[in-house]
There are 2 protein chains.
Amino acid sequence: MPDRKDARHLHDLFQVPPGRTLDICLKIHGAILEHRLAPGTKLSEDEVGEIYGASRTVVRAALQALAHTGLVTIEKNRGAFVAKPSIREAHEIFEARALIEPRVARMTAKSITEKDLDRLQAHIDAEHQALHDGDMGKALFLSGAFHTTIADIADQQVLARMVRSLISRSSLIIAMYWQRADTACESHSHHALMKAFAEHDSDAAEDIQKSHLIDLHSGLNLVEVRQQHDSLKDILRTG
Amino acid sequence: MPDRKDARHLHDLFQVPPGRTLDICLKIHGAILEHRLAPGTKLSEDEVGEIYGASRTVVRAALQALAHTGLVTIEKNRGAFVAKPSIREAHEIFEARALIEPRVARMTAKSITEKDLDRLQAHIDAEHQALHDGDMGKALFLSGAFHTTIADIADQQVLARMVRSLISRSSLIIAMYWQRADTACESHSHHALMKAFAEHDSDAAEDIQKSHLIDLHSGLNLVEVRQQHDSLKDILRTG
DNA sequence: TGCACATTTATTGTATACAATTTAGATTGT
DNA sequence: ACAATCTAAATTGTATACAATAAATGTGCA
């Protein structure tokens with residue numbers, strides 16, 4: 001799914017030597033972003049290693065890199081799990097995004113080219129297509145990719161890396177706390193942003209991105225978590 | 001050097017299981033922050049492992065964690081080196097700090113307690129003492145610690161982690177590009193910040209932190225690089 | 001039945017051995 | 001003397017084996 005350019009940027013995110021380790025990072029990262037891996041899922045070293053035909057040494061390095069990015073939690077002597085961001089962490093992450101991404105959008109508006117605009121438009125189109133196909137996971141993945149691509153265009157490596165990490169974690173938060181059925185609300189903001197970019201309107205880009213993120217934040221139902229453990233009992237009892 | 005509380009926060013920074021791996025991270029981290037390890041120094045796995053009596057497996061994990069934080073660069077089939085931030089990276093890092101830290105200072109001013117103020121004052125005092133003793137490395141370390149402690153007090157884990165990483169990398173930048181002989185310029189800002197904190201003046205704290213960071217940024221001579229090499233064993237053994 | 005404790009099992013933590021790759025030095029030819 | 005090439009040493013990449021730890025199971029007793 002992620003094209004070659006994304007892979008290079010993701011390599012920066014994970015900071016692991018290229019090769020199998022990076023491959024595994026990318027695969028798990030993608031699975032989490034597309035919501036194929038639920039928060040809390042255990043990632044056993046043996047299991048992952050068997051799936052990708054790699055030894056535990058390599059898998060371990062990948063899991064540690066993912067832990068550093070905040071997508072995975074490693075508990076001593078217990079293993080690695082897909083992270084389950086707390087409500088508090090969720091607030092912090094979206095507040096951080098609201099601080100950083102508007103600034104990045106401002107920079108992007110200044111330096112964006114026609115070619116970059118096409119790239120972003122392609123993301124939007126692909127997202128619409130995915131929504132039309134009913135592939136929610138892919139749509140969400142592409143929605144995040146839109147944001148990371150903006151950071152790439154701004155060509156600010158330090159901020160881009162922070163943004164990438166925050167967006168990946170946001171994907172977990174959305175998996176846990178999203179309440180609205182429609183993701184269509186985003187489309188409008190993304191389009192407005194495109195317009196500001198096309199006109200190189202830095203102020204507008206910054207403002208739009210800021211309110212877009214505040215919208216996203218408020219669209220979360222950051223109140224309670226559903227527990228999967230109890231449900232097992234309920235399910236078996238009724239059966 | 002780092003007290004127990006710092007160690008807990010640093011554990012969050014590196015995201016490695018506690019134990020030898022974390023120890024090695026902390027030792028190398030400290031050596032870099034105190035400028036005992038120069039940018040570009042090679043960190044051979046065997047050599048580091050021998051110094052700390054750990055196997056390469058553990059050392060590798062530590063080096064990868066440090067690479068993730070941006071303090072170390074790993075080149076495929078070549079090994080790990082203390083990072084040498086480029087001029088461009090240096091600009092980006094200080095711009096990122098100027099974006100994030102003022103916001104953090106604002107939060108800190110709101111929630112700071114008497115005890116926290118004492119903690120910060122202790123940092124300032126220790127820094128003066130180190131300067132008086134002529135221990136430049138320690139003084140710089142403590143100057144950074146002042147900033148990270150502010151982030152800890154704000155009690156924003158997500159932002160605090162970013163700040164910690166940025167400050168650690170700043171230490172490398174200062175090692176490479178610092179031109180002024182006096183670090184005294186900082187003392188004034190730190191004192192002004194303390195006053196704002198004591199009065200819970202959020203606006204002032206934000207402003208002071210912002211101009212403080214701009215000062216630091218402009219105090220760098222981001223033009224050329226010098227290089228030097230020392231024996232790993234001599235530098236790390238004392239830590 | 002319920003609880004405490006011992007045992008078994010499974011999984012991670014660590015060390016070590018081997019393979020792949022790079023680097024440095026020596027050798028050779030011009 | 002200089003350059004190119006090849007060989008050997010050193011270093012990293014990877015796999016695997018063993019040790020340590022935590023969870024799960026089973027047992028005995030009140």
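A note on names: the letters A, B, ... follow the listed sequences, proteins ahead of strands, and every chain is numbered from 1.
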OP1 or OP2 of C/dG13 under 4.0 Å from side-chain N/O of B/Thr21: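 Looking at the OP1 and OP2 atoms of C/dG13, neither is under 4.0 Å from any side-chain N or O of B/Thr21.
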At under 4.0 Å, does any side-chain N or O of A/Lys42 touch on OP1 or OP2 of C/dT12?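 Answer is yes, contact under 4.0 Å.
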Check the distance between [N]'s [atom2] and [X]'s [atom1] and give it to me in whole angstrom.
| X | N | atom1 | atom2 | value |
| --- | --- | --- | --- | --- |
| A/Glu45 | D/dA15 | CD | P | 14 Å |
| A/Glu50 | D/dA15 | CD | P | 14 Å |
| B/Asn77 | D/dA10 | CG | P | 18 Å |
| B/Glu75 | D/dT11 | CD | P | 16 Å |
| A/Phe81 | C/dT11 | CZ | P | 11 Å |
| A/Ile74 | D/dA22 | CD1 | C1' | 17 Å |
| B/Arg78 | D/dT11 | CZ | P | 12 Å |
| B/Lys76 | D/dT12 | NZ | P | 13 Å |

For A/Gln157, does the CD atom have more than 12 heavy-atom neighbours from other residues, nucleotides or ligands under 6.0 Å away?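 Open: at most 12 neighbouring heavy atoms sit under 6.0 Å from CD of A/Gln157.
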[Y]/[X] salt bridge by N-O under 4.0 Å criterion:
| X | Y | value |
| --- | --- | --- |
| A/Arg119 | A/Asp116 | yes |
| A/Glu95 | B/Arg103 | no |
| B/Lys115 | B/Asp118 | no |

Quick one: label A/Arg20 by what it contacts on the DNA or RNA (base, sugar-phosphate, nothing), any heavy atom closer than 4.0 Å.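 Answer is sugar-phosphate: A/Arg20 comes under 4.0 Å of backbone atoms only.
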Reckon A/Arg56 touches a base, only the sugar-phosphate, or nothing at all at heavy-atom distances under 4.0 Å?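 Base contact.
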Any side-chain donor near an acceptor of the partner, B/Asp125 and B/Gln121, under 3.5 Å: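 Yes, B/Gln121 and B/Asp125 have a side-chain donor paired with an acceptor closer than 3.5 Å.
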Side chain of B/Arg60 (C-beta onward), nearest among D/dG13, D/dT12, C/dA15: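 Looking only at side-chain atoms, B/Arg60 lies closest to D/dG13.
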From the set D/dT14, D/dT11, C/dT16, return the single nucleotide nearest to any side-chain atom of B/Ser55.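 The answer is C/dT16, which lies nearest to the side chain.
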Using the closest heavy atom to pick a nucleotide of DNA chain C for each, name whichever of A/Thr57 or A/Ala80 lands nearer the 5' end.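 The residue mapped nearer the 5' terminus is A/Ala80.
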